[in-house]
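Side-chain atoms are counted along with the backbone in the values below, which use heavy atoms only and exclude waters and symmetry mates. Chain identifiers are assigned alphabetically (A, B, ...) following the order of the sequence lines, protein sequences preceding nucleic acid strands; residue numbering begins at 1 within each chain.
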2 protein chains.
Amino acid sequence: MKKKNFAPDMPINLAIAEDNCFSRQAAIERMSKFSQIKIKHIAANGQELVSMLQKDSNIDLVLMDIEMPVMNGIEATIEVKKHWNHIKILMLTMFDDEKNLFDAILAGASGYLLKESNAEQIFRAIMDAMTGGAAMSPAIALKALNLIKNPQSESKESQDFGLSEREIELLNQLKNGLTYEQIASNLFISYHTVRKHIENIYRKLQVNNKVEAIQKASSNKLID
Amino acid sequence: MKKKNFAPDMPINLAIAEDNCFSRQAAIERMSKFSQIKIKHIAANGQELVSMLQKDSNIDLVLMDIEMPVMNGIEATIEVKKHWNHIKILMLTMFDDEKNLFDAILAGASGYLLKESNAEQIFRAIMDAMTGGAAMSPAIALKALNLIKNPQSESKESQDFGLSEREIELLNQLKNGLTYEQIASNLFISYHTVRKHIENIYRKLQVNNKVEAIQKASSNKLID
DNA sequence: TGAAAAATACGAAGAAATGCGTATTGCAAT
DNA sequence: ATTGCAATACGCATTTCTTCGTATTTTTCA
């Protein structure tokens, strides 16, 4: 694991994603008190956050609400981590729901706080995250311990995206890193047919290349 | 989960189990500062703690060292929880070792702190534990998250193929189905450098395309 | 039986990836 | 000091993939 050189004198570039304008304003005010923190982006949902990051990804940490319209905090975290892995995510939530906690951890969140946390607690959590640690409200930590003790069997419900059996077969060939040519030969169909199948798979999974298709099929347990 | 009626005005009956007499004395002094806390038992190892509890089990919480002779902190926790399930255990340790953390959680610890924690942090952790929560040092929490993300397996021996850290970073980008262009932009290097890195990765892993590289890196736990 | 869906097949054009060569810089070990 | 390696960077040629069409045959199901 890489040692992170976090300079305590550098300001922390913060983004806030929160749909409720009340909470959003409250968060802004509470964080403004800290001179080390510079609020750079304020988004009303995950989509907006991603758009802002596309224009300026020089952000250290995001305070992310879980419940948001359009794109929720979990989805947004996945998206952010995919493109900007250096950005830390602190989840803020009203409820200590075990399902959300698990998904947030899988998505790559560096901490998980209840919204009732006060400014100092949030600030400390931010510092913890920036120095390579993680922070959790005690109630959350308890759930986390439960998750370790009783591992999730089936976490998120997996979709099948309406893929046919033949298409799953194609995906299993893709997974092995074969070219269209090789797959065609393996399945005794033409190169063109392989391409058409894969085109259909991409449309159904809403992806644009082999790797994404495999990852998505895999995480939905369509292939192993 | 049962709601615990913890009265804030009642003193907390504390036990301390720690073999090193230096650390033990330090712990005693640090906890004595808090009027809410009453130190009732002081043990030099797990065995001693259990003996004391057999005579007087009116204890709310134990500050437990992990490394102890005769009976270590994990074994002691199992024993304590078996006989006096109401007693909370706060683990204190020098190292953020993942294996010990896992065992401690399974044994039923309510929190896990590094010994470097100061008196206030320990006190807060005690209060968290008493009010039904859990407390973890940030460094510990990070390990806990890892445990949830990557459940204990330890199966087949994995090679590292002599990949550099930078190359692992590249692999993690590849995994997300990004193009060379996008990766270059994410890592602030040129498109050409991305290609060269990937070429080197392919050579080291002895593969010829993205999918094979990801599969091989993944099965050797170089990425997750 | 008729309609819809799935599987098959082909081509053009552009995007992306791959292989091979070369080269500079900086850092670490001998 | 020199050697070696990692990280950076560029160009060319070729292969592979992806998107967009269109089209026929087979299977499924209402």
Separation of [N] [atom2] from [X] [atom1] (nearest whole Å):
| X | N | atom1 | atom2 | value |
| --- | --- | --- | --- | --- |
| A:L187 | C:dA9 | CG | P | 11 Å |
| A:N200 | C:dA4 | CG | C1' | 15 Å |
| A:E169 | C:dA7 | CD | P | 9 Å |
| A:K210 | C:dT18 | NZ | P | 8 Å |
| B:I183 | D:dT8 | CD1 | C1' | 16 Å |
| B:E165 | C:dC27 | CD | P | 16 Å |
| A:F188 | C:dA7 | CZ | P | 18 Å |
| A:L178 | D:dC17 | CG | C1' | 14 Å |

Have a look at A:S164 and say if it touches a base, only the backbone sugar-phosphate, or nothing, with a 4.0 Å heavy-atom cut-off.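 Sugar-phosphate, no base atom in range.
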
Go through [options] for me and flag the one nearest to the [X] side chain.
| X | options | result |
| --- | --- | --- |
| A:Y191 | D:dC17, C:dA7, C:dA17 | D:dC17 |
| A:H192 | C:dA17, C:dC10, C:dT8 | C:dC10 |
| A:K196 | C:dA7, C:dC10, D:dA6 | C:dC10 |

Contact under 4.0 Å: [X] side-chain N or O vs [N] OP1/OP2:
| X | N | value |
| --- | --- | --- |
| A:S190 | C:dC10 | yes |
| A:Y202 | D:dT18 | yes |
| B:N208 | C:dG19 | yes |
| A:R195 | C:dT8 | no |
| A:T179 | D:dT16 | no |
| B:H197 | D:dT8 | yes |
| A:Y180 | D:dT18 | yes |

Is the shortest distance from a Lys or Arg side-chain nitrogen in [X] or [Y] to a carboxylate oxygen in the other one below 4.0 Å?
| X | Y | answer |
| --- | --- | --- |
| A:K115 | A:D65 | yes |
| A:D60 | A:K88 | no |
| B:K204 | B:E199 | no |

Please find the pair of heavy atoms, one from A:I74 and one from A:M91, that lie closest to each other, and give the distance.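 The pair with the smallest heavy-atom distance is N-CE, 3.9 Å.
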
How far apart are the closest heavy atoms of B:Y191 and B:A184, and which atoms are they?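 So the minimum-distance heavy-atom pair works out to N-CB, 3.7 Å.
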
For B:E199 and B:G162, take the nucleotide of DNA chain D holding the closest heavy atom to each; which residue's nucleotide lies nearer the 5' end?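 It is B:G162 whose nearest nucleotide is closer to the 5' end.
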
